[in-house]
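Nothing here was measured: the structure is a model prediction, and the numbers come from that model.
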Amino acid sequence: MATTAFINGCVFDGRRYLGRADVLVDDGRIHSVVEVRGAPATNLETTGATVVDLAGGLISPGFTDAHCH
């Protein structure tokens with residue numbers, strides 16, 4: 001299973017701004033969104049996850065147009 005952790009960024013969930021949070025993705029599906037209130041609780045590099053530092057950037061879900069005829 002491929003796990004990616006997006007850290008050091010802000011989250012917009014498609015409806016509202018969630019603020020600073022880390023996002024853990026397993027095999028292309030969001031597993032968890034954890035609000036960050038200071039230093040990270042764990043060192044994600046040691047868990048085998050690929051860590052992507054967003055450097056304060058914004059992460060949001062992919063936007064698609066499902067309106068088809």
Side-chain angles (χ1 to χ4, degrees):
M1 181 182 324
T3 302
T4 305
F6 295 91
I7 64 167
N8 193 24
C10 297
V11 176
F12 173 70
D13 74 359
R15 291 180 297 152
R16 64 190 185 283
Y17 177 75
L18 302 177
R20 189 166 171 225
D22 292 341
V23 179
L24 188 62
V25 177
D26 287 325
D27 285 331
R29 294 183 156 258
I30 295 173
H31 180 267
S32 61
V33 178
V34 180
E35 183 181 357
V36 176
R37 295 182 185 187
T42 61
N43 183 352
L44 292 170
E45 289 90 347
T46 64
T47 66
T50 300
V51 177
V52 177
D53 186 347
L54 298 173
L58 179 71
I59 188 169
S60 63
F63 295 101
T64 59
D65 182 2
H67 182 90
C68 302
H69 293 274

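- Of all the heavy atoms in Ala21 and Val33, the pair that sits closest is CB-CG1, 3.9 Å.
- Pairing each heavy atom of Leu58 with each of Tyr17, the nearest pair is CD1-CE1, 4.3 Å.
- Leu24 is listed as a side-chain neighbour of Thr3, based on a closest heavy-atom distance under 4.5 Å.
- At least one donor-acceptor pair under 3.5 Å links the side chain of Asp27 to the backbone N or O of Ala2.
- Atom OG of Ser60 is separated from atom CG of Leu18 by 11.0 Å, given to the nearest 0.5 angstrom.
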- Task: Go through the steps for Phe6 and Asp22 under the test side-chain contact (heavy atoms from CB on, under 4.5 Å), then give the verdict.
- Result: CA-CA 6 Å; Phe6 295 91; Asp22 292 341; over 6 Å; no
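- Criterion: ILVMFWY side-chain heavy atoms under 4.5 Å apart, direct or through other members. Under it, Ile30 and Val11 are part of a common hydrophobic cluster.
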- Can Thr4 and Val52 be said to form a side-chain contact (heavy atoms from CB on, under 4.5 Å), step by step? CA-CA 7 Å; Thr4 305; Val52 177; 3.8 Å; yes
